[in-house]
Novice: 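Take this structure first; my questions come after.
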Amino acid sequence: MEIVVCIKQVPDVPTVRMDRERMTIIREGVESVINPLDYIALEAALELRQKAGGHVCIITMGPVQSEVALREALAVGADQAILLTDPDFAGADTLATSHVLARAIQKIEPFPDLILCGMQTTDSDTGHVGPQIAEELGLPQVCGVNEIHREGKFLVVKRLSDGFVDTVKVTLPTLLTVTKGLCPVRDLPLGALEAAFSTKDVLEWNMTDLDLKKEEVGFAGSATQVRRLRTPPPRGSGDIIEGPPDVLVGHLLRRLEALSILDEEDEKK
Ligand SMILES: Cc1cc2nc3c(=O)[nH]c(=O)nc-3n(C[C@H](O)[C@H](O)[C@H](O)COP(=O)(O)OP(=O)(O)OC[C@H]3O[C@@H](n4cnc5c(N)ncnc54)[C@H](O)[C@@H]3O)c2cc1C
């Protein structure tokens with residue numbers, strides 16, 4: 001089974017800062033990690049390879065520093081890594097990002113049976129990229145998958161939706177976005193990281209390699225613009241009401257009534 005896993009390098013959440021003029025995340029000098037759900041996608045790909053054979057290729061679009069994330073994924077067990085990088089890719093919104101990723105996937109030979117993405121990232125968190133890649137490539141897609149089984153030419157996948165478990169049988173090639181609970185993530189094998197840095201190759205593709213034009217990528221190829229960025233006002237502190245349950249219930253009902261959430265009729269019921 002030929003599998004492509006899309007991974008994104010994200011800032012380590014506690015160290016994130018914003019550039020309020022450019023309305024973007026400041027990535028310079030910030031420690032970066034592989035998006036946690038992408039780690040799960042990678043693990044799922046490695047498990048499928050173990051059962052069905054095949055090849056796992058990881059791709060990322062990002063600045064040259066994103067190569068570190070690819071090397072980490074190679075150390076975990078991926079077979080091939082491709083970095084999509086070009087100064088013109090900077091400032092891409094999710095549409096422009098998905099377009100570059102889709103174009104790169106089309107160039108991979110043979111065309112993959114399965115493309116795995118995380119359901120969302122911990123930085124921009126839109127959940128757009130997986131579905132947009134699938135749309136651009138004309139592939140079926142299932143989002144938020146937390147179980148995958150292979151049944152001949154199909155995959156049977158499960159996902160949680162509004163408290164129900166959906167079971168979906170999907171033909172290959174397909175794109176899945178994965179979420180927590182799919183599989184535990186393995187520890188990095190001792191020494192593997194060093195080997196991934198010293199002995200493994202990372203392929204690099206730019207605009208020319210992908211036959212892309214300036215107007216299709218980066219700021220120019222983005223359909224959306226961030227107009228304003230603000231921090232939500234801090235939440236006020238809550239009230240702690242103490243006392244026996246009947247007093248607490250009475251107190252709570254009066255508060256809900258004062259807020260017009262309950263009226264006297266509700267209270268009598
Ligand atoms: C208007 C606008 C302007 C922006 N400008 C900038 C900017 O100047 N600089 C900047 O750094 N960011 C910028 N961004 C953010 C950038 O567009 C997103 O980081 C990117 O499109 C991915 O979106 P996401 O994190 O919401 O991914 P999601 O859709 O939440 O990600 C889902 C999954 O898709 C895959 N994926 C997502 N991104 C990548 C990737 N790059 N490579 C491989 N796989 C991926 C991963 O598997 C991930 O788990 C901008 C966003 C917008 C809307």
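Values reported hereafter were calculated over all heavy atoms of this structure, with side chains retained and with hydrogens, waters and symmetry mates removed. Atoms within a ligand are numbered from 1 in the order they appear, just like the ligands themselves.
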Novice: Restricting to side-chain hydrogen bond (donor to acceptor under 3.5 Å, both in side chains), what partner residues turn up for Glu67, sequence neighbours left out?
Specialist: Arg71
Novice: Please state whether Gly127 comes within less than 4.0 angstrom of ligand 1, counting heavy atoms only.
Specialist: yes
Novice: Could you tell me whether Thr177 approaches ligand 1 through its side chain, its backbone, both or neither, with non-hydrogen atoms closer than 4.0 Å?
Specialist: neither
Novice: Which atoms from ligand 1 have a heavy atom of Gln120 less than 4.0 Å away?
Specialist: 30 (O), 32 (C), 49 (O)
Novice: Just let me know how Leu84 lines up against ligand 1, side chain, backbone, both or neither, with a heavy-atom cut-off below 4.0 Å.
Specialist: neither
Novice: Out of the candidates Ile59, Ile58, Val202, only one should pair with Ile82 under the side-chain contact (heavy atoms from CB on, under 4.5 Å) rule; please name it.
Specialist: Ile59
Novice: Is there a donor-acceptor pair closer than 3.5 Å between any side-chain N or O of Ser32 and the backbone N or O of Pro11?
Specialist: no
Novice: Taking N or O atoms only and a 3.5 Å limit, does Thr126 qualify as a polar contact for ligand 1?
Specialist: yes
Novice: Pairs of nitrogen or oxygen atoms closer than 3.5 Å, one from Phe219 and one from ligand 1: do any exist?
Specialist: no
Novice: Would you say that Lys153 contacts Thr171 through its side chain, given a criterion of any heavy-atom pair below 4.5 Å between the two side chains?
Specialist: no
Novice: Checking the N or O distance criterion of under 3.5 Å, is ligand 1 in contact with Thr97?
Specialist: yes
Novice: Any heavy atom of Thr60 sitting closer than 4.0 Å to ligand 1?
Specialist: yes
Novice: Answer yes if the side chains of His149 and Glu151 hold a donor-acceptor pair under 3.5 Å, and no otherwise.
Specialist: no
Novice: Looking only at atom types and distance, does a side-chain atom of Asp125 sit under 3.5 Å from a main-chain N or O of Gln120, one as donor and one as acceptor?
Specialist: no
Novice: Counting both backbone and side chain atoms, is some N or O of Met119 under 3.5 Å from an N or O of ligand 1?
Specialist: no
Novice: At a 4.0 Å threshold, what atoms of ligand 1 neighbour a non-hydrogen atom of Thr224?
Specialist: 1 (C), 53 (C)
Novice: Show which atoms of ligand 1 fall inside a sub-4.0 Å distance from at least one heavy-atom site of Ile59.
Specialist: 43 (C)
Novice: With a 4.0 Å cut-off on heavy atoms, does Ala92 reach ligand 1?
Specialist: yes
Novice: Would a hydrophobic clustering, with Ile, Leu, Val, Met, Phe, Trp and Tyr connected at side-chain separations under 4.5 Å, put Ile115 with Leu210?
Specialist: yes
Novice: Check whether any heavy atom of Leu95 sits under 4.0 Å from an atom of ligand 1.
Specialist: no
Novice: Which residue in the set Leu101, Leu70, Ile34, Leu84 passes side-chain contact (heavy atoms from CB on, under 4.5 Å) when paired with Thr60?
Specialist: Leu70
Novice: Between atom CG of Asp113 and atom CE of Met1, what is the distance when rounded to the nearest 0.5 Å?
Specialist: 5.5 Å
Novice: For ligand 1, does Leu101 get within less than 4.0 Å through its side chain, its backbone, both, or neither, judged by non-hydrogen atoms?
Specialist: side chain
Novice: Roughly how far apart are Gln9 CD and Asn35 CG, rounded to 0.5 Å?
Specialist: 11.0 Å
Novice: Between Gly118 and ligand 1, does any nitrogen or oxygen pair lie at a separation below 3.5 Å?
Specialist: yes
Novice: Among Leu155, Val170, Val156, Val142, which residue satisfies the side-chain contact (heavy atoms from CB on, under 4.5 Å) criterion with Ile148?
Specialist: Leu155
Novice: Under 4.0 Å from a heavy atom of Val129: give me the atoms of ligand 1 that qualify, with their elements.
Specialist: 22 (C), 23 (O), 27 (O), 29 (O), 34 (O), 35 (C), 36 (N), 37 (C)
Novice: Do any nitrogen or oxygen atoms of Val226 lie less than 3.5 angstrom from nitrogen or oxygen atoms of ligand 1?
Specialist: no
Novice: Which ligand 1 atoms does Ile7 reach within 4.0 Å, using its non-hydrogen atoms?
Specialist: 42 (N), 43 (C), 44 (N)
Novice: Distance under 4.0 Å to a non-hydrogen atom of Asp123: what atoms of ligand 1 satisfy this?
Specialist: 25 (O)
Novice: Which pair of non-hydrogen atoms, one from Phe89 and one from Asn206, has the smallest distance, and what is that distance?
Specialist: CZ-C, 4.3 Å
Novice: Which of the numbered atoms in ligand 1 are below 4.0 angstrom from a heavy atom of Asn35?
Specialist: 49 (O)
Novice: Salt bridge between Asp209 and Lys107, side-chain N to carboxylate O under 4.0 Å?
Specialist: no
Novice: Quick check on contacts: which atoms of ligand 1 are under 4.0 angstrom from a heavy atom of Thr94?
Specialist: 17 (O), 21 (O), 23 (O)
